[in-house]
Amino acid sequence: MTSGSRVAAGDVLDADRLRAALAEREPAAKAAPSAVRVVRAPGRVNLIGEHTDYNEGYVLPVAIDLEIRLAVVPTDDRRVEITLLADGDKAGFDLDHIPERSDRWIDYVAGTAWSLADEGLQLRGFRAVLASTLPMQSGLSSSAALELASAWALLDPPDPTAHGLDRMTLARLCQRAENEYVGVKSGLMDQAASSLGRARSAMLLDCRSLDHRAVPLPLLHHAIVVCDTGSPRRLQASEYNKRREECERAVRAIGDRDPSVKSLRDVDLDKLIAARFGMDERTFRRAEHVVRENDRVLEAVVALEAGDLDTVGRLFAQSHASLRDLYEVSSPELDALVEIATAVPGVVGARMTGAGFGGCTVNIVARTAIDRLRQAVETEYPARTGGRPRVFEVEPADGAGVVR
Ligand code: GLA
């Protein structure tokens with residue numbers, strides 16, 4: 001995003017503008033402006049640690065300054081209704097009769113209500129308007145952001161701690177909405193990043209213990225740039241679930257020799273190689289990606305803390321090659337973006353981010369080289385793929401909450 005469009009994006013999210021838009025539509029908001037609250041939840045980009053979260057491994061996501069905001073007025077009728085300011089689309093449901101999945105965006109809200117209610121939490125109906133700067137369906141976790149924003153809107157009072165919930169527990173309840181209501185068997189990374197992100201930092205999350213800590217990013221002279229392939233995420237859900245099964249198959253094969261192995265987190269390269277002939281070649285490759293990727297996350301943290309971006313760039317390149325060749329979740333479009341970026345002087349690292357099969361790449365770029373990267377992507381990518389890319393400079397942001 002250029003600085004010009006960042007200001008424009010800020011306007012879309014402006015809290016007073018959202019309050020006014022809600023008051024225009026909802027008499028309750030007009031009558032009692034002080035009852036209105038604005039909640040927000042960010043998207044995320046993962047720096048490294050891909051397809052490791054559901055293997056109880058390590059991830060290093062960053063919550064970003066592309067986000068979803070809801071202006072909310074609570075009601076006493078147990079009904080939830082949200083209008084999208086972008087196109088006026090409106091959807092809702094009753095909290096006492098949460099409907100079946102409808103394959104629409106409201107599922108993420110209804111699923112979150114279902115998950116929170118099932119936990120025995122006190123929820124309240126509301127009317128809301130929604131504004132977003134987070135591109136949907138681009139692999140930047142717009143679904144996790146919608147779940148987290150919905151959770152903050154549904155809880156009454158609007159503060160998880162008042163309900164005895166910490167931010168990690170809230171993330172897990174939102175993950176349950178995604179896994180059991182929406183039906184996508186995703187790991188915890190996206191919801192954890194949207195819930196627990198910290199400005200200026202990435203989050204190192206151990207998906208086994210759920211221990212997490214902020215890793216400050218050395219971004220004075222560098223920026224995080226996201227390039228969107230603009231391509232549909234073909235086969236993502238089915239292939240994603242297939243990868244999970246392949247990892248489970250690898251665990252069973254290794255566990256036959258060593259019962260202490262409960263997940264790929266328990267496996268190092270020696271153990272994996274020792275079990276090589278107990279599994280087919282593809283299963284071995286999947287497991288090899290996960291085992292090496294976990295090591296790369298920990299190496300990347302050490303390098304970031306030492307300000308050693310060259311090492312981070314090397315790890316990005318290894319991660320991308322592994323996702324392309326061993327895990328097979330990249331796409332020609334993602335590979336093209338990585339190749340184009342890698343050839344631009346000043347681009348320190350480039351790799352696909354998120355589940356794959358389309359979506360975005362993440363790049364660490366010298367601030368002086370951002371325009372050069374944008375230009376290279378905007379000319380070379382359409383020529384190579386016929387697609388229309390988008391390039392965003394993003395800043396690490398805080399996790400979900402109420403906008404003061
Ligand atoms: C998606 C999932 C995450 C994670 C990534 C791959 O974003 O939602 O849980 O598995 O893919 O790292």
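Numbers here are sequence positions counted from 1. All ligand and atom numbering here is 1-based and tracks the order in the structure. Note that this is a predicted model, so its numbers are computed, not measured.
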Q: Can you see which heavy atom on His51 is nearest to which on Leu323, and at what distance?
A: CD2-CD2, 4.0 Å
Q) Residues two or more places apart in sequence or in another chain: which of them pass side-chain contact (heavy atoms from CB on, under 4.5 Å) with Thr353? A) Val45, Asn46, Glu50, Arg351, Cys360, Val362
Q. Salt bridge (charged side-chain N to carboxylate O under 4.0 Å, His left out) between Asp103 and Arg101: does it pass, once the steps are laid out?
A. CA-CA 6 Å; Asp103 294 325; Arg101 195 181 85 182; 3.1 Å; yes
Q. Just how far is it from atom OG1 of Thr52 to atom CD of Glu293, taken to the nearest 0.5 Å?
A. 6.0 Å
Q: Give a yes/no on ligand 1: does Arg44 have at least one heavy atom closer than 4.0 angstrom to it?
A: yes
(Q) If the cut-off is 4.0 Å to any non-hydrogen atom of Tyr54, which atoms of ligand 1 fall inside it? (A) 10 (O)
Q: Please assess Trp152 against Asp159 for the test side chain to side chain donor-acceptor pair (under 3.5 Å), listing each intermediate value before the final yes or no.
A: CA-CA 7 Å; Trp152 279 81; Asp159 174 8; over 6 Å; no
Q. In terms of atom number and element, which parts of ligand 1 are under 4.0 angstrom from non-hydrogen atoms of Ser186?
A. 2 (C), 8 (O), 9 (O)
**Q.** Where ligand 1 meets Glu50 - atom numbers and elements under 4.0 angstrom, heavy-atom basis
**A.** 6 (C), 12 (O)
Q. Do Phe284 and Phe277 have their ring centres less than 6.0 Å from each other?
A. no
Q) For ligand 1, which atoms sit closer than 4.0 Å to a heavy atom of Asp53? A) 3 (C), 4 (C), 9 (O), 10 (O)
Q) Which atoms from ligand 1 have a heavy atom of Gly187 less than 4.0 Å away? A) 9 (O)
Q: Could you list which atoms of ligand 1 come closer than 4.0 Å to a heavy atom of Met189?
A: 4 (C), 5 (C), 12 (O)
**Q.** Backbone N/O of Ser150 and side chain of Thr112: donor-acceptor pair under 3.5 Å
**A.** no
(Q) Counting non-hydrogen protein atoms only, what is the nearest one to atom 2 (C) of ligand 1? Give residue, atom name and distance. (A) Tyr240 OH, 3.4 Å
Q: Report yes if some N/O of Asp190 lies less than 3.5 Å from some N/O of ligand 1; otherwise report no.
A: yes
